[in-house]
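Read the numbers this way: they start at 1 and go in the same order the structure lists the ligands and their atoms.
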Amino acid sequence: MRKPIIAGNWKMHKTVGEAIDFVTSLQKELEGWERTEVVVAPSFTALASVAERLRGGRIALAAQDVCWEEEGAYTGEVSPLMLRDVGCQYVIIGHSERRAYFGESDETVNKKVKAALSHDLNPIICVGESLEEREHGDTFRVVEGQVKEDLRGVDAEAARNMVIAYEPVWAIGTGKTASPGQAQEVQSFIRGLLSDMFSPALAEVIRIQYGGSVKPDNIDELMAQPDIDGALVGGASLEVGSFARIVRVERG
Ligand code: PGA
């Protein structure tokens, strides 16, 4: 049985003080809650202070990006070694905003995924089609290309720890959620790809999240789908009440 995983992607929001206040309230809200794995992804600037506050608790810490190199002359970058050092267990890789605005490609995503895994940092790998691609009937081809390129050469044992986030670009920050059926269709397809690339047994343990306008009022029906193992939440993760409600989803 895959344990659901709900991650809050704060994007470029929250100062250090705001981040600390948020996780302090979240810890209180979720006291005793064990059924869902919970992850928060603050900005780089807040990671160290949030890690300190989360130490010893159940909420895990993620970064929103990582470099593929361990150290060196890469101005502005942060390495997997540094993320582990500061207390991250997860890192989001290949988010559509990075692909659209910062030149992230499947090739760089692949290098980052391998670097993260080799440093015991679990990647949350984002894939998903644009509206235009969906309207042209290209969804499956696009997602297949991303999954195969992003995971090229990834060792099967390490792959066990990764999370895939299916995030249709047209659903991110738009209030337009994919219907549970649309999300399930693509996510079951992704599980099939993982089964071919690794093994059926491994595909059964890898968690696949849905992301794109997840809110307290649509999480239940999304999570009732057999191949939706959690959510990557943007806007609704910025407020403790709505994020805590999403975390407390009962798997259907
Ligand atoms: P959203 O963002 O929930 O605000 O649509 C999701 C994401 O970008 O991960």
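- No more than 12 heavy atoms of other residues, nucleotides or ligands shown are found within 6.0 angstrom of CD on Glu107.
- Each of the following atoms of ligand 1 lies closer than 4.0 Å to a heavy atom of Gly212: 5 (O).
- Between the side chain of Thr36 and the main chain of Val38, no donor-acceptor pair closer than 3.5 Å is present.
- Hydrophobic clustering, defined by side-chain heavy atoms of Ile, Leu, Val, Met, Phe, Trp and Tyr closer than 4.5 Å, groups Phe102 together with Tyr101.
- Looking at Ala165 against ligand 1, nothing comes within 4.0 Å, counting heavy atoms.
- With a 4.0 Å heavy-atom cut-off, ligand 1 is reached by the side chain of Asn9 but not by its N, CA, C or O.
- At the top of the distance list for atom 6 (C) of ligand 1, counting protein heavy atoms only, stands Gly234 N, 3.5 Å.
- The main-chain N or O of Val163 is never found under 3.5 Å from a side-chain atom of Arg207 such that the two would form a donor-acceptor pair.
- Gly235 N, 2.8 Å is the protein heavy atom nearest to atom 4 (O) of ligand 1.
- Among Ala231, Gly8, Ala236, Gly173, the residue whose heavy atom sits closest to atom 5 (O) of ligand 1 is Gly173.
- No side-chain donor-acceptor contact under 3.5 Å links Trp170 and Glu132.
- Considering only non-hydrogen atoms, atom 8 (O) of ligand 1 lies nearest to His95 out of Lys215, Glu167, His95.
- With hydrogens and angles ignored, the 3.5 Å screen pairs a side-chain donor or acceptor of Lys3 with a backbone N or O of Glu34.
- For the ligand labelled ligand 1, residue Ala171 lies inside the 4.0 Å heavy-atom shell.
- Among Ser213, Ser237, Gly211, the residue whose heavy atom lies nearest to atom 1 (P) of ligand 1 is Ser213.
- In summary, the atoms of ligand 1 found under 4.0 Å from a heavy atom of Lys11, numbered by their order in the structure, are 2 (O), 7 (C), 8 (O).
- For the pairing with Ile20, the side-chain contact (heavy atoms from CB on, under 4.5 Å) check across Arg53, Lys14, Glu52 returns one residue only, Arg53.
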